[in-house]
There are 2 protein chains.
Amino acid sequence: MDIHDHILKNVAKHISLSREEAAHFTSLLIYKEVPKKTTLLAEGHACNQLSYVHSGALRSYCLDKEGKESTIMFAVADWWLTDMYCFLNDKPAMMYIEAIEDSCILNLSRENFNNLFNAVPKFERFFRILLQNAYTREQLRTIENLTLTAEERYFRFINKYPQIASQVTQKQIASYLGITPEFLSAIRKKNVPRRAR
Amino acid sequence: MDIHDHILKNVAKHISLSREEAAHFTSLLIYKEVPKKTTLLAEGHACNQLSYVHSGALRSYCLDKEGKESTIMFAVADWWLTDMYCFLNDKPAMMYIEAIEDSCILNLSRENFNNLFNAVPKFERFFRILLQNAYTREQLRTIENLTLTAEERYFRFINKYPQIASQVTQKQIASYLGITPEFLSAIRKKNVPRRAR
DNA sequence: AAAAAATCTTAATATACCTTAAGACAGAAT
DNA sequence: ATTCTGTCTTAAGGTATATTAAGATTTTTT
C-alpha cells in the first residue's frame, strides 16, 4: 500500500480529485519519519510546514512566562497540525510541536500550500471545510472551558478522544485541560470505583 | 451610498469580484433592521442564516444547566456571526444570538451559502480565509484562557477590542472572560489610579 | 417625571484549583 | 540488572475566583 493512500482518503472525504490532481498534490508532500521526542517546531522559529500525521502522534504546546506548558492540541493518525496563525501569516512560531510517539508525517510547505490553490482550486473547498471543523471544534473547547469544571472537562475529553487519551500521559492531558497534574490525579482518584482502589 | 457597499468592501479584502459576481452575491442577501434586545436565534431553533453586521452589535451566548450565560462572541460592524457548527451542519442551534444595539444586518441563508460556491467558486477562498482567521482567533482565546489570570485577560480584551469594550456592558465582558461581574468589578477597582477614585 | 428593572459595587464567606514537598512507580539509559 | 529520570500520587496549606446579599447607580419602561 502506498504511503499516500491515507492522506488521499482524507482529502477524498471532502473533494474528488482526478488521477492527475491527486498525483500533483502528493508530489508536493515531503515524507518524514520522526522518532519520539523530536521537536518539529520551536517558538521563534519559522513555521513553514503544515503536517499531516500518517501514523504516531504529535502535540503542540506553548510556554508561559514561568515556563508552564499548555497543550494546544494533539494530532494522532489522520489529523493535520501546525502553528496555523504563524504558518498562514509567515510569522515566527508562537508554539512548539513535538512527536510524542515515533511518527510518520507528510509535510506541505507554505509555498506549496499557497500554489496548490491556483493549481487545483478544489483545494480551496477542502481547506475551507478543514478550517470550518477546526474552528467549530475550538469554539466548543472555549465554551467547555467557560462552563464546565475541570472534572467535567476531563471526562468529556476521554469520552470524545479515547484514542488520544490512550496515547498521551496524564501530565499532557492536564496541560490540555488547563489544570495541574496533581489536581488531575485527585479527580481520577475520586472517581475510581471503590473496590478497584 | 448603497447598503451593500460595506459588505462588498469586506469581501474585496480577500477576493476580487466582477460586477456581475458582486451583483449575484448581493442578490442573495436579506437586509434586516433589528432593534436592540431582539433575539435573532434561540437554542433549539433552526440556524439557517449567516449574518453580516452592517451596523450595530450582536452577541452570541449559551446557557449552562444552571442558566448561567457565557458569551461566545461579539460582532460589531463589519463582522460575521452565526452558530457556525449548527449553520454548517443543519443542526438545531446550541446558542442564542441577540442584538445588543439597534442593528442592521445582511443575512445569507444556508441554501444560498451552499449554492454560492458553485455559482462563484472564488467564495471558497473568501470563506476559507474568514475561517482561517476565526480559527486562529479562537485558538488564541483558548491559549489565553489556559495561561492568563482573569485580570490579564480583561486588559488584553479591552486593548484588543476597544471598540467592542465601549459598546457592551461589564456583565457581558465578564461572561466573555468566564468570570462573574462581581469579580470583574473588583479587578477594575483595583486598577483605578488612586486620585481617580 | 416617576417607577421599575437592570447593572454595578462592596464585602463577607466559600470553594475549586494551585503550590510545595515528598514518596511510589515506571520507562529509559547505561 | 541497576541507576536515572520522569511521571504519578498524596497531603497540607494557599490563592484566585465564586457565591451570597445588600445597597448604589444607571437604564428602561410607563
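Letters A, B, ... are given to chains in the order of the sequence lines, protein chains preceding strands, and every chain is numbered from 1.
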Trainee: Can you work out whether A:Glu182 or A:Arg153 has the more 5'-proximal nearest nucleotide on DNA chain C?
Mentor: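 Mapping each residue to its closest nucleotide by heavy atoms, the 5'-most match is A:Arg153.
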
Trainee: Just the rounded figure in Å: distance from C1' of D:dT19 to CG of B:Leu184.
Mentor: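 Distance check: B:Leu184 CG to D:dT19 C1' gives 16 Å.
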
Trainee: Under 4.0 Å, heavy atoms only, any strand: does B:Lys36 hit a base, just the sugar-phosphate, or nothing?
Mentor: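 Sugar-phosphate contact only.
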
Trainee: From C-beta outward on B:Lys171, which listed nucleotide comes closest to its side chain: C:dC17, C:dT7, C:dT9?
Mentor: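 Looking only at heavy atoms from C-beta outward on B:Lys171, the closest nucleotide is C:dT7.
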
Trainee: Which residue lies toward the 5' end of DNA chain D, B:Gly178 or A:Gln172, if each is placed at its nearest nucleotide?
Mentor: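 First, find each residue's nearest nucleotide; the 5'-ward one identifies A:Gln172.
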
Trainee: Could you tell me how the ring of A:His54 sits relative to the ring of A:His6: parallel (under 30°), tilted (30 to 60°) or perpendicular (over 60°)?
Mentor: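 A:His54 and A:His6: tilted rings.
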
Trainee: If you check every side-chain atom of B:Ile179, which of C:dT9, D:dA18, D:dT9 has the closest atom?
Mentor: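 Output: D:dA18.
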
Trainee: Take the protein atom CG of B:Asp102 and the nucleotide atom P of D:dT28, then report the distance between them rounded to whole Å.
Mentor: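 Taking atom P of D:dT28 as the reference, CG of B:Asp102 is at 10 Å.
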
Trainee: Taking the side chain as every heavy atom from C-beta outward, state whether A:Phe74 and A:Gln172 have any atom pair closer than 4.5 Å.
Mentor: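 A side-chain contact exists here, since the closest heavy-atom pair is under 4.5 Å.
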
Trainee: Run B:Val53 and B:Val76 through side-chain contact (heavy atoms from CB on, under 4.5 Å) and show every step you take.
Mentor: CA-CA 6 Å; B:Val53 180; B:Val76 292; 5.8 Å; no

Trainee: If you check every side-chain atom of B:Thr149, which of C:dT9, C:dC17, D:dT17 has the closest atom?
Mentor: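 Side chain of B:Thr149 sits closest to D:dT17.
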
Trainee: What is the separation between atom CG on A:Asn191 and atom P on D:dC8, rounded to the nearest whole Å?
Mentor: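 Answer to the nearest Å: 17 Å.
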
Trainee: Between B:Arg188 (CZ) and C:dT10 (C1'), how many Å, whole number?
Mentor: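 So the CZ-C1' distance, B:Arg188 to C:dT10, works out to 14 Å.
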
Trainee: Please tell me if B:Thr180 has a side-chain N or O lying less than 4.0 Å from either OP1 or OP2 of D:dA18.
Mentor: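 Answer yes for this pair, as a side-chain N or O of B:Thr180 is under 4.0 Å from OP1 or OP2.
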
Trainee: Specify whether A:Phe87 and A:Phe113 have parallel, tilted or perpendicular ring planes, treating 30° as the upper limit for parallel and 60° as the lower limit for perpendicular.
Mentor: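 The arrangement is perpendicular - the two ring planes meet at more than 60°.
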
Trainee: Assess A:Arg59 against A:Tyr61: is NZ or CZ under 6.0 Å from the centre of the six-membered ring, and within 45 degrees of the ring's axis?
Mentor: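 Yes, A:Arg59 lies over the aromatic ring of A:Tyr61.
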
Trainee: Please report, rounded to the nearest Å, how far the C1' atom of C:dA16 is from the CG atom of A:Leu148.
Mentor: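 Those two atoms, CG and C1', are 14 Å apart.
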
Trainee: With the side chain of A:Phe183 defined as its heavy atoms from C-beta on, choose the nearest nucleotide among C:dT9, D:dT10, C:dC17.
Mentor: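 Nearest to the side-chain atoms of A:Phe183, counting from C-beta on, is C:dC17.
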
Trainee: Answer yes or no: does a side-chain N or O of B:Gln170 lie under 4.0 Å from OP1 or OP2 of C:dT9?
Mentor: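 Indeed, a polar side-chain atom of B:Gln170 lies that close.
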
Trainee: Return no unless some side-chain N or O of B:Lys189 is found under 4.0 Å from OP1 or OP2 of C:dA11.
Mentor: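 Result: yes.
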
Trainee: Look at A:Lys37 and C:dA28 and indicate whether a side-chain polar atom (N or O) is within less than 4.0 Å of OP1 or OP2.
Mentor: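 No, outside the criterion.
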
Trainee: Starting at CD of A:Glu66 and ending at C1' of C:dT19, how long is that distance when rounded to a whole Å?
Mentor: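 Interatomic distance, CD of A:Glu66 to C1' of C:dT19: 12 Å.
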
Trainee: Take atom CD1 of A:Ile173 and atom P of D:dC8, then tell me their distance rounded to the nearest Å.
Mentor: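 Answer to the nearest Å: 9 Å.
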
Trainee: Distance check needed: C:dC18 P versus A:Glu69 CD, whole Å only.
Mentor: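 That distance rounds to 15 Å.
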
